[in-house]
Amino acid sequence: MLFQRGVQGRRLLAYGVPMAAVLFALILGAIMLLILDASPLEGVKAMFEGAFGSSKALTETVLKATPLLLVGVGITIAFRADVINIGGEGQLVLGALFSTFVALNVPRLPAVLMIPLVLLAGFVGGAIWGAIPGVLKAYYDVNEILSTIMLNVVAVQLMNFLLRGPFIDPGEIERGTSIPQTERLTENADLPLLFGSGRLHIGPVIAVIAAIAAYVLLWRTPLGYRLRAVGRNADAARYAGIPVKRTIVLALTLSGAMAGLAGAILVFGSESHRMVTDGSTAGFTGNAGFNGIVAALFGGLHPLWTIPASFLFGGLLVGGNALQRTVQVPSALILALNGLVVIFLVSSDRFKRRLLDRKATGTESELGDDPTGPDPPDPSHPEDSESINLVNRGEV
Amino acid sequence: MRRTYTWLVLLAAFALVVAACGGDDNAEATTTTSTPVTTETFRIAVVAPSAANDLAFTQSMIDSLNVIDGEMDLEIAVTDGMFVVEDAAAAIRDYADKGYDLVIAHGSQYGGSLAEIAPDFPDTSFAWGTAAETFGLPNVYSYQAASDQGGYVMGVLAAALSKTGTLGVVGPVEVGDAKLYVDGFAAGAKAEDPAIDVKIVYTGSFSDVALASETAQAHVTAGADVLTGSAQMVVGAIGVASTEGVAWFGTQANQTQIAPDVVVASQVYHWEGVLREIIAGVQSGTLGGEAYTIDLANGGEVIEYNPGYDLPADVKAKGDAAVAGIIDGSIVVGG
Amino acid sequence: MSGLFTEAVLVATIAGGIRLAVPLLFASIGEMFGQRSGVLNLGVDGVMLLGAFGGYYTVLKTDNVWFGLLVGVGIGVVLGLVTAVMSVTLKAEQGISGIGVFLFGLGFSDLLFQMWVGTPLPIQAFPKVEIPGLSNIPFLGETLFSHSAVVYIAFAMVPLSMFIINQTNFGMKIRAVGENPEAADSLGVSVAGIRYATLIIGGTLAGVAGAALAIDLKIFQSNLTNAAGFIAIALVYFGAWRPLGVMGGALLYGFVNSIVLQLKTQGIIPRSWSDIAAMAPAVVTILALVVVAHRFKPPAALTKPFERAR
């Protein structure tokens, strides 16, 4: 009745849905601020200014969005092939460890060679940590949710072992302080700054290029076709002569490689230009392995749409931290707010899809839709037999 | 195309919200964000990795700040829970940007970032701990705790108290302050009783309380009748100590309230002295360059006994002797 | 060195493994119900954390552990309902909505703790229940029949859930909805109703898992579960969606952890290797699954929202 005012009105309403969802989450956040005796208005203002209000703020947001985007792009590739990769945290860590290893061992390499090399090392490290669950899934029927969760556990211990052992800053041993961190890594590996000074380095550019490359791969190459074919229907793909097992390994390998690349960028674009651990994965990744999944799904599992999605989500995280500093509330509130935004956005998606559905058939069709690429599969189309299923049906 | 609109609308929504708030809030905002620096209020910001009330590392700093807050006109901003090092770096940068007089980076893992940030703010003073170096920068102070000294005293007390000859240590990861304390504890125990068996287990995690608890249980099974440990997750181990009725020695903050019946004593850090000196330095124009160490001699480290624990007088005497020996230099801990 | 093979150490290792398995067992049995009906819930860890805080806070205020456990149940029911609304009614993407619940639980439990409690204060623990007769059997009595009450409740969940899933009408409907919701629907089974029920069961058991963990440790702290909820989800896959398999996975994970701790305590694993040794539970779990080379298939409708065909 309300929604019968023609296509235009409905579409406008639909675009308001995610907005309303974020607002609703922020209102709950504001109520929490009131309970904590802080001014919600001041909070929201601090949040926006901290995320988008100045060039410094925008820089922080873009830097925060970079690992989200790369992880998100990797998630997109995996999801298109019908595998869920929740091992981003571990893959980030492995990418960082591999690239750190390179920088520690050939520090004299000139920057023109060094920078591509450390990025490649990160890519390879993440790829290996993605290939393991890929092989386990394709050839040993080990579900990737199990293996990626477990490999995250292994990665954090590997990081702790290396950073307090073989990789540790010799100065830490000398002083007896034993902080588990590397020395300041070679300046030859510092990511070049975009504007010569400031904090903004080439990492975000690499991430955007990776997103575009993933788009081209998925929709403009035979390989991408095979990935998506396996994702839509593994049996049909097999009958069509597509090597399903190898394709699944490849999907998880590429997915891990993207996260690994993000790990390398985190190290060489970091404030400290070294790798340091507080004993947990999140201390290094800042939960990017999980938040990247969120960014990917808000980008409709499309590499290009993940770019603005990551930017906004990065802004939310950076703005949240700024809010904490300005109104002096416990930082736990920011994490809770982060969760609320995810909950409300993902829950509201259905209303948006319903409003956008012009066919009025009661089906959803928006989330995975791709306006430019040919023949996109649709992850949000439940009754479609070709829909993307987050978890493999075990018949690979 | 459609999604372009979606994001545009989203962005617009953000903008709207902010514009609306900005309008309402302008007058108030200008007063809060541009606090004039001419006032006498000394502004301190602390960035710390765990919760402000963790009964351990972070709390020791917050408690000390609260003590001196009563002595002078301070404005204290706290950003706790910054276990993500890059987020901590952003916070340090932001506080410096906002003109705080002293920005305290209260985590040894923040040092690498601080070394890059401090040169960008030559007029701001930074303090970094626990750490021993100031990177040769004129605007960085550092502070650390000689936690091996307190650890040594605890080790002496534990060995003297133990009837089974076995002590259990629950550590997180073998690094930094925890390693220093544990090494000191083992040295003190061996000095008191060369035959003592000090079982040291690092669980591999600062946060896994269940694993810390199970480690303590394993120590008790192995015959340990005195336990100690360092970092936030030891609350799990203290629980086991109280259930099993074995003695516990605490560090970083006074842990008596967690288990009043088994906590014998805690090594407590008092940063007040260091903070007073740093603040005086900043006010007189010296923004850094000094490395402070709190220890038993300068009163920054205090052994706080639990009055409710019935510690035999001869054991306590040994502890007091160890403290005196460390202070007068007849006992040298570590190297 | 030789201390490892004394009876006391063996008893402690087994008893310790069982204790470490308990929260995992509660949470994975709960998650199993949801997955059997076709819903993946990644938010277990968030529910556990909120249940842990609720249980801790209640015991702190009332000194009654059973009341604390009950509050864990209540929080679990509410969050199970929230999960169901998201996943069933609103058909939210299951791989993502749970991450929202996880992040919310991680932050909100810590926030409440800092607002209402502040510094961690100890609470009462569960009473230890020695099963009359059985607890006197040498070795077995000490390892299996001398635990806190909540341990028995956790293991009682295994036969209970086997009975529910395999023998009852409700269980048959759960399986039908998870394998072929269209067919179940055509036979008049309410797909949404069954999924609401299983998700509320899942939430309840996750809440209980958290409360049991906090009360067993007698303390609450930020991120108390340390991602145990994610391990619990992995164990559902390990257990191939069967209660006995899930129990096997939880016990394997607990035992390997416990054995590694004993080896460290005895000095058999040197300290420089403690990080590597801490990988053991995860590695063993993966390898075990590789070796077993499962032929079990997940419920066919897992992660797929149900939309009635017109």
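Letters go in sequence order (proteins before strands), and every chain restarts at 1. Fair warning: this is a prediction, and the values are worked out from it, not measured in the lab.
Rounding to the nearest 0.5 Å gives a distance of 10.5 Å between CG of A:L151 and CE of C:M279. Separating the CG atom in C:L90 from the OG atom in A:S348 is a distance of 9.0 Å, to the nearest 0.5 Å. Note that CZ of A:F79 is 6.5 Å distant from CD of C:E93, once rounded to the nearest 0.5 Å.
Neither the backbone nor the side chain of A:I334 comes within contact range of chain C, judged by heavy atoms closer than 4.5 Å. For a residue to count as touching a neighbouring chain, one of its non-hydrogen atoms must lie under 4.5 Å from one of that chain's; by this rule A:M32 touches chain C with the side chain only. When heavy atoms are compared at a cutoff of 4.5 Å, C:T89 approaches chain A solely by way of its backbone atoms N, CA, C and O. In this structure, chain A has heavy atoms under 4.5 Å from both the backbone and the side chain of C:I231. For a residue to count as touching a neighbouring chain, one of its non-hydrogen atoms must lie under 4.5 Å from one of that chain's; by this rule C:S222 does not touch chain A. Proximity to chain C (any heavy atom under 4.5 Å) is restricted, for A:I149, to the side chain, taken from C-beta onward. Using a 4.5 Å cut-off between heavy atoms, A:L333 touches chain C through backbone and side chain atoms alike. At a 4.5 Å heavy-atom cutoff, the contact between A:I35 and chain C is made by side-chain atoms alone. Neither the backbone nor the side chain of A:N152 comes within contact range of chain C, judged by heavy atoms closer than 4.5 Å.
Residues A:E144 and C:Y237 form no side-chain contact, since every pair of their non-hydrogen atoms from C-beta on lies 4.5 Å or further apart. Using a 4.5 Å heavy-atom cutoff, the side chains of C:L40 and A:I145 are in contact. With contacts defined as side-chain heavy-atom distances shorter than 4.5 Å, the pair A:L136/C:V290 qualifies.
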Exercise. Kindly indicate, with the supporting measurements, whether the criterion side chain to side chain contact (heavy atoms under 4.5 Å, CB included) is fulfilled by C:M115 and A:L36.
Key: CA-CA 8 Å; C:M115 276 166 56; A:L36 288 164; 3.4 Å; yes
Practice problem: Could you walk me through whether C:L103 and A:N291 pass side chain to side chain contact (heavy atoms under 4.5 Å, CB included), step by step? | Solution: CA-CA 10 Å; C:L103 293 172; A:N291 282 331; 3.6 Å; yes
Quiz item: Given A:L146 and C:V236, is the side chain to side chain contact (heavy atoms under 4.5 Å, CB included) satisfied, shown in steps?
Solution: CA-CA 8 Å; A:L146 176 137; C:V236 176; over 6 Å; no
Exercise. Show your working on side chain to side chain contact (heavy atoms under 4.5 Å, CB included) between A:V329 and C:L111 and close with a plain yes or no.
Key: CA-CA 9 Å; A:V329 287; C:L111 184 68; over 6 Å; no
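Interface summary for chain C: among A:V156, A:V346, A:L158, the most heavy-atom pairs under 4.5 angstrom belong to A:V346.
Classification of the A:F290-C:F102 ring pair by plane angle, with boundaries at 30° and 60°, yields perpendicular.
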